[in-house]
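Please read the structure below before turning to the comments.
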Amino acid sequence: VAIVDSLIRAGHLDYDCFINDAAKAHGRGAARVKLVAHLVSAKSGSVLESLTRVLLWRHGLPDPTAQFSFRHPTRGWVGFMDFAWPQARAILECDGYEYHSNREAFQKDRRRWTAVSLARWHLAVVTWFDVTCDPEYVVATVRELLSLERGTSTQTLDTLDLARSA
């Protein structure tokens with residue numbers, strides 16, 4: 001999945017063509033190709049995001065909205081968040097060193113995260129290490145993120161209308 005996402009992101013593979021061709025696959029390996037087609041995303045921003053998305057899917061967590069366009073309600077600030085569950089007002093950011101190794105990128109992310117917090121959304125951040133070496137931490141973090149109380153509501157993961165598409 002991460003390889004196909006990367007090829008799509010780099011413009012070497014057309015998402016729609018891949019999905020259409022995968023649907024026509026038959027014979028040995030067809031089931032795997034169809035599964036990859038189900039899991040790829042034209043919105044994946046990095047290998048880390050691809051790995052995280054598959055990890056969440058493998059553990060039966062609700063499908064997030066990738067590259068969620070977030071607008072701060074009073075500041076008008078807009079930014080893209082790696083993953084969001086808008087109904088739960090929850091955001092997951094995948095923080096890799098590759099994209100955050102300079103001061104400008106580092107500072108930009110901290111301001112986005114502050115805007116999210118001030119808008120009363122819940123935010124969690126996972127790293128390459130978390131996803132690749134401690135996936136149980138990531139799964140537990142997302143489960144908790146999706147079950148946090150929202151204001152006076154006591155919605156939990158079980159009551160959210162966030163059905164996984166299968």
Side-chain angles (χ1 to χ4, degrees), residues 1-25 31-73 75-102 104-117 119 121-132 135 137-139 141-143 145-146 157 160-166:
V1 172
I3 292 170
V4 175
D5 280 351
S6 295
L7 289 169
I8 292 168
R9 186 172 47 258
H12 299 303
L13 180 64
D14 181 80
Y15 174 81
D16 292 326
C17 287
F18 177 75
I19 298 302
N20 290 334
D21 289 346
K24 298 173 193 172
R32 181 165 289 204
V33 169
K34 290 177 183 182
L35 177 59
V36 169
H38 172 73
L39 294 172
V40 297
S41 172
K43 293 184 175 185
S44 181
S46 68
V47 171
L48 179 56
E49 289 177 31
S50 298
L51 295 175
T52 303
R53 196 177 62 255
V54 171
L55 175 65
L56 300 177
W57 173 82
R58 289 182 70 192
H59 285 85
L61 289 161
D63 290 334
T65 300
Q67 299 307 317
F68 178 73
S69 179
F70 180 84
R71 177 179 293 277
H72 189 279
R75 295 181 183 184
W77 176 89
V78 175
F80 291 97
M81 309 310 284
D82 295 336
F83 298 114
W85 294 266
Q87 298 91 335
R89 296 179 65 88
I91 289 175
L92 181 69
E93 285 282 271
C94 300
D95 199 10
Y97 183 77
E98 178 181 349
Y99 293 103
H100 303 91
S101 60
N102 66 55
E104 183 180 340
F106 181 86
Q107 182 64 32
K108 184 178 174 183
D109 271 356
R110 278 31 183 205
R111 289 202 174 180
R112 284 188 313 132
W113 298 347
T114 298
V116 165
S117 178
W121 281 57
H122 296 279
L123 171 74
V125 181
V126 295
T127 65
W128 180 269
F129 175 86
D130 296 330
V131 174
T132 61
Y137 168 80
V138 176
V139 171
T141 297
V142 172
R143 285 191 195 284
L145 179 68
L146 295 177
L157 181 58
L160 291 172
D161 185 24
L162 298 172
R164 270 183 69 222
S165 59

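This chain uses plain numbering: 1 for the first residue, then up along the sequence.
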* To do: Verify, without hydrogens or angle tests, whether Arg112 (side chain) and Phe80 (backbone) share a donor-acceptor contact under 3.5 angstrom.
  => yes
* Excluding sequence neighbours, so at least two apart, what forms side-chain hydrogen bond (donor to acceptor under 3.5 Å, both in side chains) with Ser50? -> Asp5, Ser44
* Under the side-chain hydrogen bond (donor to acceptor under 3.5 Å, both in side chains) test, which residues partner Thr141, sequence neighbours left out? -> none
* How close do Ala90 and Trp121 get, heavy atom to heavy atom, and via which atoms? -> N-CE3, 3.6 Å
* To do: Identify the heavy atoms of Phe18 and Val33 that sit nearest to each other, and give their distance.
  => CZ-O, 4.5 Å
* To do: For the pair Gln67 and Glu49, evaluate side chain to side chain contact (heavy atoms under 4.5 Å, CB included) and give the outcome as yes or no after the intermediate values.
  => CA-CA 10 Å; Gln67 299 307 317; Glu49 289 177 31; 2.8 Å; yes
* Asked: Which distance, rounded to the nearest 0.5 Å, do you find between the CG of Leu145 and the CD1 of Ile91?
  -> 9.0 Å
* **Interatomic distance, Asp95 atom CG to Trp113 atom CH2 [nearest 0.5 angstrom]** => 4.0 Å
* **Any side-chain donor near an acceptor of the partner, Arg111 and Thr114, under 3.5 Å** => no
* Structure fact -> Closest non-hydrogen contact found for Val47 with Ala2 is CG1-CB, 4.1 Å
* Asked: What is the minimum heavy-atom distance between Ala115 and His72, and which atoms define it?
  -> O-CD2, 3.2 Å
* Asked: Is any side-chain heavy atom of His59 less than 4.5 Å from a side-chain heavy atom of Leu55?
  -> yes
* Asked: Going by heavy atoms in the side chains, are Leu7 and Ile3 under 4.5 Å from each other?
  -> yes
* Rounded to the nearest 0.5 Å, how far apart are CZ of Arg53 and CG of Leu48? -> 11.0 Å
* **Thr65 OG1 to Gln87 CD distance, which is reported to the nearest 0.5 Å** => 7.0 Å
* **Any side-chain heavy-atom pair of Val126 and Glu93 under 4.5 Å** => no
* Asked: Taking the side chain as C-beta and beyond, is there a heavy-atom pair between Pro64 and Leu92 under 4.5 Å?
  -> no
* **With sequence neighbours excluded, residues passing side-chain hydrogen bond (donor to acceptor under 3.5 Å, both in side chains) with Thr127** => Asp130
* Asked: Atom NZ in Lys43, atom CD1 in Ile8: separation rounded to 0.5 Å?
  -> 13.5 Å
* **From CG (Leu39) to CZ (Arg58), nearest 0.5 Å** => 10.0 Å
* Which word best sums up how the rings of Phe70 and Phe68 line up, parallel for under 30°, tilted for 30 to 60°, or perpendicular for over 60°? -> tilted
* Asked: Hey, mind stepping through Lys108 and Asn102 against side chain to side chain contact (heavy atoms under 4.5 Å, CB included) and telling me if it holds?
  -> CA-CA 10 Å; Lys108 184 178 174 183; Asn102 66 55; over 6 Å; no
* Structure fact -> Correct closest heavy-atom pair for Asp63 and Trp57 would be OD1-CD1, 4.5 Å
